[in-house]
Amino acid sequence: MNLLLSTSLKCSRHIRPSLRCSATRYLQTTINKDEINHFSKLSSHWWDEKGEFGLLHRMNPVRVQYILEKLQEVEEAENTVSSSSKYLNGRALSGLDVVDVGCGGGLLSEALARLGANTLAIDASESNITIASLHASKDPLLTGPNAKLEYRHTSSEELIKESRRFDVVCSMEVLEHVDNPALFLHSCCDLLKPGGHLFMSTVARTPLSYFLTIFMAEQVLRKVTPGTHHYDKFVNSEELVNFFHEEMGWFTGVPGRLQAESRGIIYLPWKDEWILAGRNDPFTTECNYMFWARKPL
Amino acid sequence: MLRFLTTSGDNTESVDIAIVGGGPAGLALACALSSSQAIRESLKITLIEGGDLSKVRTWQGHGDIYSNRVSSITNASRQFLEDINVWEKVESERTTPIEEMQVWDGISDARIVFAANELSSVSSQPIQEMARLTENLNLQRALLQCLEAYPGVSLLDKTKVDAINQMDNGWPVLSLANGRKIQTRLLVGADGFNSPVRSFANISSFGWSYDTQAIVATLSHIPRITTEYQGPNTTAYQRFLKTGPIAFLPLSPTASSLVWSTTPSLAKVLLQSETGVLAAMINAAFRLPYISLDYLQDAILQSHSQGTPLTTPAILDEIRWREKSHGIDIQSAHSSCQPVDELVGIPPAEADLLPPLVLSIQEGTAASFPVRFNHAEAYIGEGEGARTALLGDAAHTVHPLAGQGLNLGLADAQSLARCIETAVLRGGDIGSYTALMPYPQERYFENHKIMAVTDKLHKIYRSDLGPVVWARTVGVEVLNELLPLKAAMMFQAGAQSTNNHFSKDMSAFKLLTLGVEFASSGMDLAKSLLKNLGGAANSVFQYSNKLK
Ligand SMILES: Cc1cc2nc3c(=O)[nH]c(=O)nc-3n(C[C@H](O)[C@H](O)[C@H](O)COP(=O)(O)OP(=O)(O)OC[C@H]3O[C@@H](n4cnc5c(N)ncnc54)[C@H](O)[C@@H]3O)c2cc1C
């Protein structure tokens with residue numbers, strides 16, 4: 001069941017369906033069969049950097065940039081960082097346990113592993129995992145005895161049954177594709193150690209996002225296969241903030257800088273490049289955005 | 001877990017970056033990469049050069065004797081070299097600032113002058129010089145010294161790359177002349193005009209040979225020292241002749257460097273002549289009216305074809321006679337035959353419009369090289385040539401008239417190194433298309449602009465078309481073309497880092513947002529409107545795709 005009320009284009013600006021959790025946690029799965037089939041078909045194209053997933057390839061460095069900036073900001077605010085030099089030597093995530101939920105072809109997972117994270121990357125599509133493993137196997141850095149990257153065909157709901165917990169949970173462009181976002185979010189939160197970081201990227205449900213991701217990207221420019229996005233599944237950043245406030249109780253009122261944050265990621269067609277918007281730039285979370293929240297200690 | 005089979009045997013070494021070519025571009029890239037902590041601590045780099053680098057390492061300049069391969073280093077290039085701690089190792093006593101440039105047309109005498117202080121208007125700080133002339137060896141030695149401080153880069157010189165292939169995992173593998181094999185995550189071609197890396201990557205290049213040779217030589221001339229009456233030897237002179245431009249680049253009060261682009265046949269006979277003939281012809285080429293210069297050049301060619309080359313006294317006689325018929329006073333600055341002993345004290349009027357009189361050519365410095373226009377169609381390889389990047393002359397060969405060849409290569413090195421560093425800091429695969437794409441985006445069009453201006457200038461001068469020739473005689477066309485050249489050179493010279501496009505991009509995004517907010521109030525209207533917009537945006541996409 002989709003907890004997000006299906007909304008028409010017209011009223012989308014005015015109705016903010018809240019994310020609430022169904023009572024029977026984890027009895028149902030959040031995986032949508034049609035979505036999985038759709039991506040399985042595409043998975044051979046995952047690593048064609050100029051093809052279908054070109055935009056995602058281009059977005060990846062910006063996602064990583066945000067993850068690193070936020071981790072550094074928190075560490076510095078809490079003075080837990082021994083030296084900030086690890087952010088200058090290309091091993092910024094060394095020693096951290098990270099899970100990439102919905103890893104797709106492994107775009108983010110490979111980057112996390114290169115940065116030194118002990119990376120577990122999971123996906124509900126078996127063919128994605130095959131593609132991702134095959135790709136990683138071509139790179140000696142990711143396959144050698146010191147490799148830090150492991151792929152598994154499983155879901156966050158399954159993984160939660162194991163005892164392993166993580167310093168960082170990443171889930172990129174997944175939330176807008178799952179059937180039960182609240183349940184999905186719960187599973188991600190449960191995978192975190194206390195004080196762990198949840199990073200997501202997703203798409204807001206606004207006229208702008210309709211225009212850019214569905215109308216332009218899918219229909220006009222055909223940069224993205226039509227049917228990739230479903231407008232009514234898009235989630236606004238206020239809805240996420242509400243969820244973590246009301247449902248998870250991670251903070252009260254407006255979250256502080258060290259509790260939760262949304263930051264826009266903006267595509268510049270004239271440069272074919274993404275940039276991370278400034279913290280307080282208006283409108284920037286109206287389309288693609290990163291969301292971060294920290295599980296209380 | 002799936003295992004990927006590679007063809008590499010056990011003796012294949014593996015590196016992250018292999019740079020082929022230890023010329024200025026390759027060495028500068030290696031230094032720039034090493035100056036980044038992230039790269040130093042995470043990547044293994046090898047540079048392979050066919051030639052013997054110990055000759056460069058042990059090179060010593062001697063007093064007023066200068067090498068004939070000299071380059072002007074723009075302020076932007078110098079800033080880059082300072083940032084990577086190379087400039088401090090360049091022997092500064094052997095470099096000379098260019099504070100002014102005098103450029104004029106051999107037919108109309110239309111002239112533009114640009115001085116370093118004009119740059120101050122485009123820069124935040126006052127600018128004293130627009131470029132600095134440096135022997136290539138002085139720079140290359142500094143680059144090598146700099147690399148010695150970074151043991152992370154292994155230098156293999158006297159080692160030729162014999163073959164390059166692609167392995168099953170998509171990585172290039174180099175076969176070296178000494179039997180070693182090296183597989184690399186990223187292969188960089190800094191291997192000059194005939195770039196083997198470019199051939200491997202199957203990147204075609206477009207261009208043409210200009211049917212022009214550039215004569216280079218180190219000139220000894222009458223001293224130009226700062227006095228009450230004249231400034232120091234810090235002005236570069238360039239006169240555009242129909243056969244190509246002749247340039248005079250100051251090195252010291254009594255020595256300067258020559259770059260004279262001319263027909264291959266004339267270059268050949270001038271280099272075969274007594275050096276006195278070459279010296280006399282250089283003086284004349286800066287001074288004589290074009291018609292007489294043309295006559296002299298023909299006379300030299302003819303005398304050679306008849307097997308009785310003109311001697312120095314004969315050519316001087318000829319010049320004297322020609323000057324007389326043009327009414328040029330032998331005491332004036334416009335004479336190539338000024339009595340040298342009297343050239344102390346007060347210089348003649350307009351002496352600053354011309355380079356000091358050349359007395360002789362330094363021994364063994366007269367040489368020539370072919371001038372070409374050549375631009376690779378891409379700077380990064382794809383498909384079977386994936387994981388490759390080109391820079392320097394491997395990517396572009398440019399006419400020497402704007403003195404930009406080396407500077408373009410240094411700017412490439414700076415940009416590529418920055419691009420690789422960003423990829424490392426973000427966990428990217430430095431050989432991937434995504435990681436490398438910002439490099440051509442930053443450099444391709446920049447290089448093309450400068451190359452196009454120099455190419456057009458060259459062609460205007462070599463043109464026999466009626467209107468072009470007419471426009472030249474009155475100087476119109478020349479000024480029209482020299483001004484963009486000036487702008488390009490001034491910009492290069494004064495360029496500061498221009499990375500702050502962020503706020504511009506943000507405001508463009510805000511406009512888009514507001515537009516869509518507005519349009520969404522009437523979605524149907526918006527849809528039809530946006531359909532048209534979509535067309536426009538599509539062409540933007542196609543355009544930007546082309547650039548890659
Ligand atoms: C004779 C000559 C004179 C010039 N004079 C001037 C001048 O006076 N002023 C000026 O501005 N410009 C001049 N130029 C142009 C200028 O030298 C170039 O723009 C500049 O050197 C380009 O630097 P680069 O590092 O890109 O290439 P290069 O300097 O050409 O370096 C390429 C290097 O790659 C190496 N290499 C190539 N193939 C292999 C292989 N298979 N294995 C191993 N190593 C290999 C070569 O040995 C060489 O050292 C001249 C060029 C030439 C050829």
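Residue numbers start from 1 in every chain, and the chains themselves are labelled A, B, ... in the order their sequence lines are given, proteins ahead of strands.
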Check your understanding: Which is it for A:Leu115 and B:Arg426 under the side chain to side chain contact (heavy atoms under 4.5 Å, CB included) test, yes or no, and what are the steps along the way?
Key -> CA-CA 7 Å; A:Leu115 290 167; B:Arg426 309 256 164 94; 5.9 Å; no
**Study point:** A:Lys50 and B:Glu382, any side-chain heavy atoms less than 4.5 Å apart
**Key:** yes
Practice item. Keeping the roles fixed (side chain from A:Glu49, backbone from B:Tyr433), state whether a donor-acceptor pair exists under 3.5 Å. Key: yes
Exercise for review: Rounded to the nearest 0.5 Å, what's the gap from CG on A:Asn89 to CG on B:Leu425? Could you check?
Suggested key: 8.5 Å
Check your understanding: In terms of heavy-atom pairs under 4.5 Å with chain A, which of B:Pro438, B:Ser432, B:Ala423, B:Gly431 leads?
Key -> B:Ser432
Revision key, fill the gap. Residues passing the salt bridge (charged side-chain N to carboxylate O under 4.0 Å, His left out) test with B:Glu421, sequence neighbours excluded, are none
Exercise for review: Please assess A:Asp139 against B:Trp171 for the test side chain to side chain contact (heavy atoms under 4.5 Å, CB included), listing each intermediate value before the final yes or no.
Suggested key: CA-CA 9 Å; A:Asp139 189 333; B:Trp171 285 29; 4.0 Å; yes
Point to revise | Greater than 12 external heavy atoms within 6.0 Å of A:Glu73's CD | key: yes
Practice item. Check B:Asn169 against A:Lys138 and note the closest heavy-atom contact, atom names and distance. Key: ND2-O, 3.0 Å
Check your understanding: So which part of B:Ser36 gets closer than 4.5 Å to some heavy atom of chain A, the side chain, the backbone, both or neither?
Key -> neither
**Study point:** For A:His153, ring pair (Phe, Tyr, Trp, His ring centres under 6.0 Å) partners two or more places apart
**Key:** none
Practice item. Sort B:Asp16 into side chain, backbone, both or neither according to what part of it lies under 4.5 angstrom from a heavy atom of chain A. Key: neither
Review point. If you take all heavy atoms of B:Ala38 and A:Gly90, which pair is closest and at what distance?
Key: CB-N, 4.1 Å
**Study point:** Gap between atom CH2 of A:Trp47 and atom CG of B:Asp429 - 0.5 Å precision
**Key:** 7.5 Å
Check your understanding: Does a side-chain heavy-atom distance below 4.5 Å link B:Val424 with A:Arg114?
Key -> no
Exercise for review: Identify which part of B:Arg185 has an atom lying under 4.5 Å from any heavy atom of chain A, answering side chain, backbone, both or neither.
Suggested key: side chain
